[in-house]
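Below, each value reflects all heavy atoms present in this structure, side chains not excepted, and no hydrogens, waters or symmetry copies.
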Amino acid sequence: NKNEDDALLRFMDTVYRSRRTKLVLTTREYILAQAKGAYEKLARSSFDLRKCVIDLQDYTRFHRAKILYNHVWFANIGPAYRAVLLDSKSYMKIVDHPNYNPRIIEWMTDYLEQQGIEPGNYVSAFLSSLDNPAKVWLHAFEKQLSNAGRHVLLVLVTLPEEVLFEDLERAFMSFYGLRGREHGFPIDLRDFREALKELEGNFIEINKYNSGLVVKFHNPSILDFLVNYLVENPDFAAELLSSAIFFEQISRLWGNPLDGWGVPRTRKLTQDFSDTLAEAVKRLLHADDCRLITVRVYQPKLCIDKHREFVPLETRAVTALDIAHQLGVTDLAQFTFARLEEHLARGVDKAALDVLINQMRRKKMSVPPGVLEAMKMRLLERLDDLDDYEVLCDLVNYSSGCLSEEEWEDVKEKFVSSYDGIVDSTYDGVSEPDEIRRVADQLDSIGGQFDLDVGQDCERLRDHAAEMEGENSSGDDDYAGSWKDYAEAHHRTEEEIHAMFDSLRG
(Lines give C-alpha, C1' and ligand atoms only; values in the text may rest on other atoms or scores of the structure.)
Protein backbone atom coordinates (compact mmCIF):
# COMPACT_ATOMS: atom_id res chain seq x y z
CA ASN A 1 0.00 0.00 0.00
CA LYS A 2 0.93 3.64 -0.25
CA ASN A 3 4.10 4.55 1.70
CA GLU A 4 4.62 1.11 3.26
CA ASP A 5 8.14 0.95 1.87
CA ASP A 6 8.76 4.45 3.27
CA ALA A 7 7.39 3.45 6.65
CA LEU A 8 9.65 0.40 6.85
CA LEU A 9 12.77 2.36 5.87
CA ARG A 10 11.95 5.18 8.28
CA PHE A 11 11.45 2.72 11.10
CA MET A 12 14.82 1.16 10.30
CA ASP A 13 16.39 4.61 10.26
CA THR A 14 14.91 5.34 13.68
CA VAL A 15 16.45 2.15 15.06
CA TYR A 16 19.76 2.96 13.36
CA ARG A 17 19.89 6.34 15.07
CA SER A 18 19.09 4.86 18.45
CA ARG A 19 21.96 3.44 20.49
CA ARG A 20 19.77 1.27 22.68
CA THR A 21 17.59 -0.51 20.15
CA LYS A 22 18.31 -3.35 17.74
CA LEU A 23 16.11 -4.55 14.88
CA VAL A 24 16.10 -8.06 13.43
CA LEU A 25 14.00 -8.30 10.27
CA THR A 26 13.33 -11.85 9.09
CA THR A 27 12.06 -12.87 5.67
CA ARG A 28 12.68 -15.42 2.97
CA GLU A 29 15.52 -14.55 0.63
CA TYR A 30 13.41 -14.62 -2.54
CA ILE A 31 10.76 -12.38 -0.99
CA LEU A 32 13.43 -9.79 -0.15
CA ALA A 33 14.62 -9.89 -3.78
CA GLN A 34 11.04 -9.44 -5.04
CA ALA A 35 10.45 -6.52 -2.68
CA LYS A 36 13.50 -4.77 -4.09
CA GLY A 37 12.15 -5.38 -7.58
CA ALA A 38 8.72 -3.97 -6.72
CA TYR A 39 9.70 -1.01 -4.51
CA GLU A 40 12.23 1.43 -5.91
CA LYS A 41 13.05 2.98 -2.53
CA LEU A 42 13.92 -0.43 -1.10
CA ALA A 43 16.10 -1.13 -4.12
CA ARG A 44 17.98 2.17 -3.67
CA SER A 45 18.49 1.78 0.05
CA SER A 46 21.31 -0.11 1.74
CA PHE A 47 19.30 -1.48 4.63
CA ASP A 48 20.55 -5.04 4.13
CA LEU A 49 24.29 -4.38 4.42
CA ARG A 50 24.27 -6.60 7.48
CA LYS A 51 22.19 -9.30 5.83
CA CYS A 52 22.64 -12.74 7.33
CA VAL A 53 21.31 -15.70 5.38
CA ILE A 54 20.49 -18.57 7.72
CA ASP A 55 20.34 -21.94 6.03
CA LEU A 56 19.18 -25.18 7.59
CA GLN A 57 22.70 -26.49 7.06
CA ASP A 58 23.91 -23.81 9.48
CA TYR A 59 21.94 -25.27 12.40
CA THR A 60 24.21 -26.92 14.96
CA ARG A 61 23.28 -30.27 16.45
CA PHE A 62 22.20 -28.45 19.59
CA HIS A 63 19.93 -26.10 17.61
CA ARG A 64 18.27 -29.09 15.95
CA ALA A 65 17.99 -30.95 19.24
CA LYS A 66 16.53 -27.92 21.03
CA ILE A 67 13.86 -27.46 18.33
CA LEU A 68 12.85 -31.12 18.57
CA TYR A 69 12.91 -31.02 22.37
CA ASN A 70 10.70 -27.90 22.51
CA HIS A 71 8.11 -29.41 20.18
CA VAL A 72 7.99 -32.67 22.11
CA TRP A 73 7.72 -30.78 25.41
CA PHE A 74 4.97 -28.38 24.38
CA ALA A 75 3.03 -30.77 22.13
CA ASN A 76 2.08 -32.81 25.18
CA ILE A 77 2.31 -36.10 23.26
CA GLY A 78 1.58 -39.26 25.19
CA PRO A 79 4.19 -40.92 27.41
CA ALA A 80 4.35 -43.96 25.13
CA TYR A 81 5.54 -41.78 22.23
CA ARG A 82 8.09 -40.02 24.43
CA ALA A 83 9.35 -43.38 25.61
CA VAL A 84 10.10 -44.69 22.11
CA LEU A 85 11.88 -41.42 21.26
CA LEU A 86 14.04 -41.72 24.35
CA ASP A 87 14.65 -45.46 23.91
CA SER A 88 18.20 -46.05 22.64
CA LYS A 89 18.41 -42.26 22.19
CA SER A 90 16.32 -42.50 18.97
CA TYR A 91 15.89 -38.73 18.97
CA MET A 92 19.49 -38.45 17.74
CA LYS A 93 18.48 -40.19 14.47
CA ILE A 94 16.06 -37.32 13.91
CA VAL A 95 18.51 -34.63 14.99
CA ASP A 96 21.21 -35.97 12.64
CA HIS A 97 18.92 -36.72 9.69
CA PRO A 98 20.18 -35.05 6.47
CA ASN A 99 16.62 -33.84 5.65
CA TYR A 100 15.99 -32.35 9.08
CA ASN A 101 13.24 -29.74 8.70
CA PRO A 102 11.44 -27.80 11.46
CA ARG A 103 8.10 -28.08 9.64
CA ILE A 104 8.32 -31.88 9.63
CA ILE A 105 9.29 -31.74 13.31
CA GLU A 106 6.17 -29.65 13.97
CA TRP A 107 3.89 -31.97 12.01
CA MET A 108 5.20 -35.14 13.67
CA THR A 109 4.79 -33.70 17.17
CA ASP A 110 2.18 -30.93 17.34
CA TYR A 111 -0.26 -32.76 15.02
CA LEU A 112 0.61 -36.33 15.95
CA GLU A 113 -2.83 -37.32 17.23
CA GLN A 114 -4.36 -36.55 13.81
CA GLN A 115 -2.19 -39.10 12.00
CA GLY A 116 -3.16 -42.38 13.66
CA ILE A 117 0.42 -43.56 14.22
CA GLU A 118 0.91 -46.24 16.85
CA PRO A 119 3.66 -45.63 19.44
CA GLY A 120 5.66 -48.63 18.22
CA ASN A 121 5.82 -47.15 14.71
CA TYR A 122 6.47 -43.58 15.77
CA VAL A 123 10.23 -43.37 15.23
CA SER A 124 10.11 -45.21 11.88
CA ALA A 125 7.21 -42.98 10.70
CA PHE A 126 9.13 -39.89 11.84
CA LEU A 127 12.25 -40.94 9.92
CA SER A 128 10.16 -41.90 6.88
CA SER A 129 8.66 -38.39 6.83
CA LEU A 130 12.15 -36.91 6.86
CA ASP A 131 13.30 -39.33 4.13
CA ASN A 132 10.51 -38.07 1.87
CA PRO A 133 8.80 -34.94 3.23
CA ALA A 134 6.11 -35.03 0.53
CA LYS A 135 4.93 -38.35 1.94
CA VAL A 136 3.68 -36.52 5.02
CA TRP A 137 0.81 -35.18 2.95
CA LEU A 138 0.83 -37.18 -0.29
CA HIS A 139 -0.60 -40.40 1.10
CA ALA A 140 -3.38 -38.61 2.97
CA PHE A 141 -4.13 -36.35 0.01
CA GLU A 142 -4.31 -39.08 -2.64
CA LYS A 143 -5.51 -42.08 -0.65
CA GLN A 144 -7.49 -40.85 2.34
CA LEU A 145 -9.39 -37.80 1.09
CA SER A 146 -12.55 -37.74 -0.96
CA ASN A 147 -12.52 -36.33 -4.47
CA ALA A 148 -14.35 -33.23 -3.22
CA GLY A 149 -11.87 -32.82 -0.36
CA ARG A 150 -8.95 -32.75 -2.78
CA HIS A 151 -10.70 -30.15 -4.91
CA VAL A 152 -11.35 -27.92 -1.89
CA LEU A 153 -7.64 -27.92 -1.02
CA LEU A 154 -6.51 -27.24 -4.58
CA VAL A 155 -8.84 -24.28 -5.00
CA LEU A 156 -7.85 -22.96 -1.55
CA VAL A 157 -4.26 -22.69 -2.84
CA THR A 158 -5.43 -19.99 -5.26
CA LEU A 159 -7.30 -17.93 -2.66
CA PRO A 160 -5.97 -15.45 -0.07
CA GLU A 161 -4.57 -16.71 3.23
CA GLU A 162 -8.03 -16.39 4.81
CA VAL A 163 -11.30 -16.55 2.88
CA LEU A 164 -14.98 -16.40 3.76
CA PHE A 165 -16.87 -19.70 3.72
CA GLU A 166 -19.22 -18.56 0.95
CA ASP A 167 -16.38 -17.29 -1.26
CA LEU A 168 -14.55 -20.60 -0.94
CA GLU A 169 -17.77 -22.43 -1.77
CA ARG A 170 -18.29 -20.37 -4.94
CA ALA A 171 -14.70 -20.91 -6.11
CA PHE A 172 -14.92 -24.62 -5.28
CA MET A 173 -18.19 -25.17 -7.17
CA SER A 174 -16.75 -23.46 -10.27
CA PHE A 175 -13.58 -25.60 -10.21
CA TYR A 176 -15.35 -28.80 -9.13
CA GLY A 177 -18.09 -28.32 -11.73
CA LEU A 178 -15.61 -27.74 -14.56
CA ARG A 179 -13.59 -30.82 -13.67
CA GLY A 180 -16.76 -32.89 -13.23
CA ARG A 181 -17.83 -32.01 -16.77
CA GLU A 182 -14.33 -32.49 -18.18
CA HIS A 183 -13.58 -35.80 -16.45
CA GLY A 184 -17.05 -37.24 -16.06
CA PHE A 185 -17.40 -37.67 -12.30
CA PRO A 186 -20.73 -37.06 -10.50
CA ILE A 187 -21.33 -33.88 -8.50
CA ASP A 188 -23.57 -33.55 -5.46
CA LEU A 189 -24.46 -30.15 -3.97
CA ARG A 190 -23.69 -31.61 -0.52
CA ASP A 191 -20.08 -32.45 -1.49
CA PHE A 192 -18.65 -29.10 -0.37
CA ARG A 193 -19.97 -29.20 3.18
CA GLU A 194 -19.08 -32.87 3.56
CA ALA A 195 -15.56 -32.09 2.36
CA LEU A 196 -15.15 -29.33 4.95
CA LYS A 197 -16.17 -31.72 7.73
CA GLU A 198 -13.57 -34.15 6.45
CA LEU A 199 -10.80 -31.55 6.20
CA GLU A 200 -11.37 -29.48 9.35
CA GLY A 201 -8.77 -30.05 12.05
CA ASN A 202 -6.33 -31.88 9.81
CA PHE A 203 -5.97 -29.80 6.66
CA ILE A 204 -7.98 -26.65 7.26
CA GLU A 205 -9.04 -24.41 10.13
CA ILE A 206 -12.47 -22.78 10.32
CA ASN A 207 -13.01 -19.78 12.60
CA LYS A 208 -16.23 -17.93 13.34
CA TYR A 209 -16.52 -14.13 13.25
CA ASN A 210 -19.48 -11.78 13.26
CA SER A 211 -19.21 -11.53 9.49
CA GLY A 212 -19.30 -15.31 9.09
CA LEU A 213 -17.06 -18.37 8.89
CA VAL A 214 -13.44 -17.89 7.74
CA VAL A 215 -11.38 -20.77 6.30
CA LYS A 216 -7.61 -21.12 6.06
CA PHE A 217 -4.96 -23.83 5.89
CA HIS A 218 -4.26 -25.51 9.20
CA ASN A 219 -0.51 -25.65 8.67
CA PRO A 220 1.90 -23.85 6.27
CA SER A 221 3.46 -27.14 5.21
CA ILE A 222 0.13 -28.16 3.64
CA LEU A 223 0.30 -25.14 1.36
CA ASP A 224 3.93 -25.92 0.51
CA PHE A 225 2.96 -29.47 -0.41
CA LEU A 226 0.02 -28.38 -2.58
CA VAL A 227 2.06 -25.77 -4.45
CA ASN A 228 4.61 -28.47 -5.30
CA TYR A 229 1.75 -30.81 -6.21
CA LEU A 230 0.46 -28.25 -8.73
CA VAL A 231 3.96 -27.87 -10.17
CA GLU A 232 4.11 -31.63 -10.69
CA ASN A 233 0.54 -31.78 -12.05
CA PRO A 234 0.27 -28.68 -14.25
CA ASP A 235 -3.07 -29.59 -15.82
CA PHE A 236 -4.72 -28.64 -12.52
CA ALA A 237 -3.27 -25.13 -12.87
CA ALA A 238 -4.86 -24.66 -16.29
CA GLU A 239 -8.24 -25.79 -14.94
CA LEU A 240 -7.91 -23.53 -11.92
CA LEU A 241 -7.29 -20.59 -14.24
CA SER A 242 -10.22 -21.52 -16.47
CA SER A 243 -12.62 -21.87 -13.53
CA ALA A 244 -11.40 -18.91 -11.46
CA ILE A 245 -14.11 -16.48 -10.34
CA PHE A 246 -11.96 -14.04 -8.31
CA PHE A 247 -9.11 -11.91 -9.61
CA GLU A 248 -7.15 -12.83 -6.46
CA GLN A 249 -6.94 -16.39 -7.81
CA ILE A 250 -5.05 -15.10 -10.85
CA SER A 251 -2.86 -12.92 -8.68
CA ARG A 252 -1.99 -15.83 -6.36
CA LEU A 253 -1.13 -18.26 -9.13
CA TRP A 254 0.85 -15.68 -11.08
CA GLY A 255 2.59 -14.28 -8.04
CA ASN A 256 1.59 -10.66 -7.56
CA PRO A 257 4.74 -8.50 -7.97
CA LEU A 258 3.69 -6.68 -4.79
CA ASP A 259 3.29 -9.72 -2.54
CA GLY A 260 5.58 -12.32 -4.13
CA TRP A 261 3.44 -15.24 -3.01
CA GLY A 262 3.75 -17.75 -5.82
CA VAL A 263 7.04 -16.73 -7.37
CA PRO A 264 8.85 -18.57 -8.80
CA ARG A 265 7.14 -21.94 -8.38
CA THR A 266 3.67 -21.23 -9.74
CA ARG A 267 4.59 -18.44 -12.17
CA LYS A 268 6.16 -20.98 -14.52
CA LEU A 269 2.85 -22.86 -14.49
CA THR A 270 0.82 -19.85 -15.52
CA GLN A 271 3.35 -18.91 -18.21
CA ASP A 272 2.83 -22.36 -19.75
CA PHE A 273 -0.86 -21.49 -20.17
CA SER A 274 -0.47 -17.90 -21.33
CA ASP A 275 -3.62 -17.81 -23.47
CA THR A 276 -5.75 -19.19 -20.65
CA LEU A 277 -4.12 -16.77 -18.23
CA ALA A 278 -4.73 -13.72 -20.44
CA GLU A 279 -8.38 -14.65 -20.94
CA ALA A 280 -8.83 -15.15 -17.21
CA VAL A 281 -7.37 -11.69 -16.49
CA LYS A 282 -9.78 -10.05 -18.96
CA ARG A 283 -12.73 -11.96 -17.54
CA LEU A 284 -11.96 -11.17 -13.91
CA LEU A 285 -10.51 -7.66 -13.97
CA HIS A 286 -13.81 -6.32 -12.53
CA ALA A 287 -14.75 -9.44 -10.51
CA ASP A 288 -15.82 -9.42 -6.85
CA ASP A 289 -13.21 -9.03 -4.12
CA CYS A 290 -12.46 -11.91 -1.74
CA ARG A 291 -9.36 -10.72 0.16
CA LEU A 292 -10.06 -10.15 3.85
CA ILE A 293 -8.89 -7.49 6.26
CA THR A 294 -8.98 -7.63 10.05
CA VAL A 295 -11.35 -5.09 11.61
CA ARG A 296 -11.27 -4.13 15.29
CA VAL A 297 -14.53 -2.78 16.66
CA TYR A 298 -15.70 -1.94 20.17
CA GLN A 299 -19.23 -3.10 20.99
CA PRO A 300 -18.80 -2.32 23.87
CA LYS A 301 -15.62 -4.40 24.31
CA LEU A 302 -12.98 -5.10 21.68
CA CYS A 303 -14.20 -7.46 18.96
CA ILE A 304 -12.13 -8.80 16.05
CA ASP A 305 -13.93 -9.28 12.75
CA LYS A 306 -13.00 -10.06 9.13
CA HIS A 307 -14.38 -8.06 6.21
CA ARG A 308 -13.79 -8.18 2.47
CA GLU A 309 -11.19 -5.63 1.44
CA PHE A 310 -11.99 -3.33 -1.47
CA VAL A 311 -9.25 -3.72 -4.07
CA PRO A 312 -9.16 -0.78 -6.52
CA LEU A 313 -8.82 -1.39 -10.23
CA GLU A 314 -5.46 0.42 -10.20
CA THR A 315 -4.09 -2.36 -7.94
CA ARG A 316 -5.40 -5.11 -10.21
CA ALA A 317 -3.92 -3.30 -13.19
CA VAL A 318 -0.47 -3.69 -11.58
CA THR A 319 -0.81 -7.48 -11.83
CA ALA A 320 -2.55 -7.45 -15.23
CA LEU A 321 0.10 -5.23 -16.83
CA ASP A 322 2.89 -7.24 -15.21
CA ILE A 323 1.45 -10.38 -16.83
CA ALA A 324 1.09 -8.64 -20.18
CA HIS A 325 4.65 -7.28 -19.95
CA GLN A 326 6.26 -10.56 -18.88
CA LEU A 327 4.43 -12.66 -21.49
CA GLY A 328 4.56 -10.06 -24.27
CA VAL A 329 0.76 -10.14 -24.67
CA THR A 330 0.06 -6.77 -26.32
CA ASP A 331 -3.67 -7.42 -26.54
CA LEU A 332 -3.92 -7.87 -22.76
CA ALA A 333 -2.04 -4.61 -22.12
CA GLN A 334 -4.36 -2.76 -24.51
CA PHE A 335 -7.41 -4.26 -22.82
CA THR A 336 -6.18 -3.31 -19.35
CA PHE A 337 -5.34 0.25 -20.34
CA ALA A 338 -8.76 0.65 -21.97
CA ARG A 339 -10.54 -0.49 -18.80
CA LEU A 340 -8.27 1.72 -16.73
CA GLU A 341 -9.10 4.78 -18.84
CA GLU A 342 -12.84 4.11 -18.40
CA HIS A 343 -12.32 3.73 -14.66
CA LEU A 344 -10.32 6.94 -14.33
CA ALA A 345 -13.15 8.88 -15.95
CA ARG A 346 -15.19 8.11 -12.83
CA GLY A 347 -12.59 8.40 -10.05
CA VAL A 348 -9.19 7.36 -8.77
CA ASP A 349 -7.46 5.68 -5.83
CA LYS A 350 -4.34 7.84 -5.65
CA ALA A 351 -2.27 5.51 -3.47
CA ALA A 352 -2.91 2.55 -5.77
CA LEU A 353 -2.33 4.73 -8.84
CA ASP A 354 1.08 5.77 -7.49
CA VAL A 355 2.14 2.11 -7.24
CA LEU A 356 0.94 1.55 -10.80
CA ILE A 357 2.77 4.62 -12.14
CA ASN A 358 6.05 3.52 -10.55
CA GLN A 359 5.69 0.04 -12.02
CA MET A 360 5.05 1.49 -15.49
CA ARG A 361 8.20 3.57 -15.14
CA ARG A 362 10.34 0.66 -13.92
CA LYS A 363 9.09 -1.65 -16.68
CA LYS A 364 9.41 1.13 -19.28
CA MET A 365 5.85 0.46 -20.42
CA SER A 366 4.33 2.35 -23.33
CA VAL A 367 1.09 3.92 -22.08
CA PRO A 368 -1.66 5.22 -24.40
CA PRO A 369 -1.96 9.04 -24.36
CA GLY A 370 -5.60 8.81 -23.30
CA VAL A 371 -4.66 6.95 -20.13
CA LEU A 372 -1.96 9.48 -19.23
CA GLU A 373 -4.39 12.33 -19.80
CA ALA A 374 -7.01 10.64 -17.59
CA MET A 375 -4.44 10.11 -14.84
CA LYS A 376 -3.35 13.72 -15.03
CA MET A 377 -6.89 15.11 -14.92
CA ARG A 378 -7.84 13.03 -11.88
CA LEU A 379 -4.70 14.10 -10.01
CA LEU A 380 -5.10 17.78 -10.85
CA GLU A 381 -8.67 17.83 -9.57
CA ARG A 382 -7.58 17.75 -5.93
CA LEU A 383 -4.17 18.61 -4.51
CA ASP A 384 -5.00 18.51 -0.81
CA ASP A 385 -1.90 17.05 0.81
CA LEU A 386 1.69 16.00 0.23
CA ASP A 387 0.66 12.54 -0.92
CA ASP A 388 -1.30 14.11 -3.77
CA TYR A 389 1.69 16.19 -4.90
CA GLU A 390 3.96 13.16 -4.62
CA VAL A 391 1.78 11.04 -6.91
CA LEU A 392 1.61 13.84 -9.47
CA CYS A 393 5.41 14.23 -9.36
CA ASP A 394 5.78 10.49 -9.95
CA LEU A 395 3.56 10.80 -13.03
CA VAL A 396 5.72 13.68 -14.31
CA ASN A 397 8.85 11.59 -13.69
CA TYR A 398 7.31 8.84 -15.82
CA SER A 399 6.10 11.16 -18.59
CA SER A 400 7.79 14.54 -18.46
CA GLY A 401 5.54 16.04 -21.13
CA CYS A 402 2.21 15.05 -19.62
CA LEU A 403 1.78 18.49 -17.98
CA SER A 404 2.04 21.71 -19.91
CA GLU A 405 4.32 24.47 -18.56
CA GLU A 406 1.25 26.42 -17.51
CA GLU A 407 -0.19 23.43 -15.62
CA TRP A 408 3.16 22.75 -13.93
CA GLU A 409 3.51 26.37 -12.80
CA ASP A 410 -0.03 26.30 -11.44
CA VAL A 411 0.75 23.16 -9.39
CA LYS A 412 3.98 24.72 -8.12
CA GLU A 413 2.12 27.86 -7.06
CA LYS A 414 -0.41 25.79 -5.08
CA PHE A 415 2.40 23.90 -3.37
CA VAL A 416 4.28 27.09 -2.44
CA SER A 417 1.13 28.66 -1.02
CA SER A 418 0.56 25.72 1.31
CA TYR A 419 4.25 25.02 2.11
CA ASP A 420 4.69 27.16 5.25
CA GLY A 421 1.47 25.81 6.75
CA ILE A 422 2.59 22.22 6.19
CA VAL A 423 5.96 22.81 7.85
CA ASP A 424 4.50 24.68 10.83
CA SER A 425 1.65 22.22 11.44
CA THR A 426 4.06 19.29 11.22
CA TYR A 427 6.53 20.87 13.65
CA ASP A 428 3.90 21.93 16.18
CA GLY A 429 1.13 19.39 15.70
CA VAL A 430 2.66 16.00 14.86
CA SER A 431 3.71 13.93 17.86
CA GLU A 432 5.22 10.91 16.08
CA PRO A 433 8.91 11.32 15.12
CA ASP A 434 8.48 8.78 12.33
CA GLU A 435 5.66 10.79 10.76
CA ILE A 436 7.69 14.00 11.03
CA ARG A 437 10.53 12.36 9.12
CA ARG A 438 8.08 11.12 6.49
CA VAL A 439 6.86 14.68 5.92
CA ALA A 440 10.46 15.93 5.72
CA ASP A 441 11.29 13.28 3.12
CA GLN A 442 8.25 14.22 1.07
CA LEU A 443 9.01 17.93 1.25
CA ASP A 444 12.58 17.19 0.20
CA SER A 445 11.44 15.15 -2.80
CA ILE A 446 8.65 17.46 -3.95
CA GLY A 447 10.71 20.60 -3.35
CA GLY A 448 13.45 19.17 -5.55
CA GLN A 449 10.91 18.65 -8.34
CA PHE A 450 9.95 22.32 -8.17
CA ASP A 451 13.56 23.58 -7.78
CA LEU A 452 12.76 24.98 -4.33
CA ASP A 453 15.30 25.25 -1.53
CA VAL A 454 13.62 23.32 1.31
CA GLY A 455 16.74 21.78 2.86
CA GLN A 456 16.84 24.00 5.94
CA ASP A 457 13.20 23.31 6.87
CA CYS A 458 13.59 19.57 6.27
CA GLU A 459 16.68 19.46 8.48
CA ARG A 460 14.83 21.39 11.19
CA LEU A 461 12.02 18.82 11.10
CA ARG A 462 14.43 15.89 11.26
CA ASP A 463 16.31 17.45 14.19
CA HIS A 464 12.97 17.98 15.94
CA ALA A 465 12.12 14.28 15.43
CA ALA A 466 15.49 13.25 16.89
CA GLU A 467 14.98 15.50 19.93
CA MET A 468 11.56 13.98 20.57
CA GLU A 469 13.04 10.50 20.68
CA GLY A 470 15.38 11.44 23.53
CA GLU A 471 18.10 9.13 22.35
CA ASN A 472 20.77 7.95 24.73
CA SER A 473 23.59 5.46 24.52
CA SER A 474 23.04 3.38 27.66
CA GLY A 475 22.87 -0.36 27.47
CA ASP A 476 25.03 -1.10 24.41
CA ASP A 477 27.95 -2.61 26.30
CA ASP A 478 25.69 -4.81 28.41
CA TYR A 479 23.89 -5.94 25.28
CA ALA A 480 27.11 -6.92 23.51
CA GLY A 481 28.29 -8.85 26.54
CA SER A 482 25.01 -10.69 26.97
CA TRP A 483 25.01 -11.67 23.30
CA LYS A 484 28.52 -13.10 23.59
CA ASP A 485 27.48 -15.14 26.64
CA TYR A 486 24.39 -16.37 24.79
CA ALA A 487 26.38 -17.46 21.73
CA GLU A 488 28.97 -19.31 23.82
CA ALA A 489 26.24 -21.05 25.78
CA HIS A 490 24.90 -22.65 22.60
CA HIS A 491 28.04 -24.59 21.76
CA ARG A 492 26.84 -27.65 23.62
CA THR A 493 28.19 -31.18 23.77
CA GLU A 494 26.27 -34.34 22.87
CA GLU A 495 26.14 -35.22 26.57
CA GLU A 496 24.25 -32.00 27.23
CA ILE A 497 21.75 -32.91 24.49
CA HIS A 498 21.17 -36.29 26.19
CA ALA A 499 20.76 -34.55 29.55
CA MET A 500 18.15 -32.23 28.04
CA PHE A 501 16.09 -35.12 26.64
CA ASP A 502 16.40 -37.06 29.87
CA SER A 503 14.24 -34.37 31.47
CA LEU A 504 11.34 -35.71 29.32
CA ARG A 505 11.28 -38.99 31.19
CA GLY A 506 8.21 -39.41 33.37
Side-chain angles (χ1 to χ4, degrees), residues 1-7 34-44 247-248 250-252 254-261 263 277-278 281-282 284-287 289 291 309-383 385-403 442 445-446 449:
N1 290 324
K2 174 72 174 176
N3 294 323
E4 285 188 338
D5 51 344
D6 276 339
Q34 290 156 9
K36 287 188 165 188
Y39 294 98
E40 183 181 3
K41 289 176 182 176
L42 290 182
R44 290 202 311 261
F247 190 84
E248 283 78 6
I250 307 301
S251 183
R252 289 275 282 187
W254 172 253
N256 188 318
L258 302 184
D259 63 34
W261 175 81
V263 182
L277 175 61
V281 172
K282 294 178 182 179
L284 299 172
L285 196 61
H286 291 284
D289 299 314
R291 186 183 300 172
E309 178 183 12
F310 169 72
V311 180
L313 183 68
E314 294 89 341
T315 295
R316 292 185 175 184
V318 171
T319 300
L321 291 173
D322 185 59
I323 292 171
H325 178 78
Q326 296 287 346
L327 300 183
V329 185
T330 305
D331 175 60
L332 177 58
Q334 293 172 343
F335 173 88
T336 304
F337 280 128
R339 301 291 81 76
L340 186 61
E341 185 173 355
E342 294 170 359
H343 167 76
L344 289 169
R346 299 186 296 271
V348 64
D349 184 303
K350 291 183 180 179
L353 180 62
D354 195 33
V355 175
L356 176 59
I357 291 170
N358 279 296
Q359 171 163 291
M360 294 188 311
R361 181 169 56 83
R362 284 193 300 270
K363 303 282 187 181
K364 296 181 172 59
M365 294 182 185
S366 177
V367 181
V371 176
L372 287 174
E373 182 66 18
M375 289 180 178
K376 180 188 78 172
M377 296 307 297
R378 291 286 77 79
L379 294 175
L380 288 176
E381 282 178 350
R382 292 182 61 185
L383 292 171
D385 55 35
L386 289 178
D387 288 344
D388 296 340
Y389 286 101
E390 191 171 47
V391 179
L392 185 61
C393 288
D394 284 340
L395 180 63
V396 172
N397 285 333
Y398 168 74
S399 176
S400 57
C402 65
L403 264 69
Q442 286 185 299
S445 175
I446 299 167
Q449 292 280 109

So, for D289 and R316, which heavy atoms are closest and what is the spacing to 0.1 Å?
-> OD1-NH2, 2.6 Å
What heavy-atom pair brings A320 and T336 nearest, and what distance separates the two atoms?
-> CB-OG1, 3.6 Å
Heavy-atom closest pair (A333 atom, A324 atom, distance to 0.1 Å) is N-CB, 3.7 Å
Identify whether the distance between the nearest side-chain nitrogen and carboxylate oxygen of K350 and D388 falls below 4.0 Å.
-> yes
Side chain R378, main chain L344, donor-acceptor under 3.5 Å = yes
Residues two or more places apart in sequence or in another chain: which of them pass side chain to side chain donor-acceptor pair (under 3.5 Å) with D349?
-> none
For R361 and Y398, indicate whether the former's side chain and the latter's backbone hold a donor-acceptor pair under 3.5 Å.
-> no
When rounded to the nearest 0.5 angstrom, what is the spacing between CG in L395 and CG in L353?
-> 7.5 Å
Between the CG atom in L285 and the CG atom in L313, the distance rounded to the nearest 0.5 Å is 5.0 Å
Kindly determine whether Q442 and D387 satisfy side chain to side chain contact (heavy atoms under 4.5 Å, CB included), including the steps that lead there.
-> CA-CA 8 Å; Q442 286 185 299; D387 288 344; 2.7 Å; yes
Verify side chain to side chain contact (heavy atoms under 4.5 Å, CB included) between M360 and M375, making sure each step is shown before the conclusion.
-> CA-CA 13 Å; M360 294 188 311; M375 289 180 178; 3.7 Å; yes
Let me see the working for D322 and R362 under salt bridge (charged side-chain N to carboxylate O under 4.0 Å, His left out), right down to the final yes or no.
-> CA-CA 11 Å; D322 185 59; R362 284 193 300 270; over 6 Å; no
What's the spacing between S251 OG and I323 CD1 if we round to 0.5 Å?
-> 7.5 Å
Provide the closest heavy-atom pair for R346 versus E342 in the form atom of the first, atom of the second, distance.
-> NH1-O, 3.3 Å
Atom pair CG/CG of D394 and L356 - distance to nearest 0.5 Å = 11.5 Å
Output, in order, the C-alpha distance, side-chain angles, deciding distance and verdict of side chain to side chain contact (heavy atoms under 4.5 Å, CB included) for Q326 and K363.
-> CA-CA 10 Å; Q326 296 287 346; K363 303 282 187 181; 3.3 Å; yes
Taking every non-hydrogen atom, the tightest pair across A352 and T315 = CB-OG1, 3.4 Å
Passes side chain to side chain contact (heavy atoms under 4.5 Å, CB included), H343 versus V348? Steps please.
-> CA-CA 8 Å; H343 167 76; V348 64; 5.7 Å; no
To the nearest 0.5 angstrom, please state how far the CG atom of D354 sits from the SG atom of C393.
-> 10.0 Å
To the nearest 0.5 angstrom, please state how far the OH atom of Y389 sits from the CG atom of L379.
-> 12.0 Å
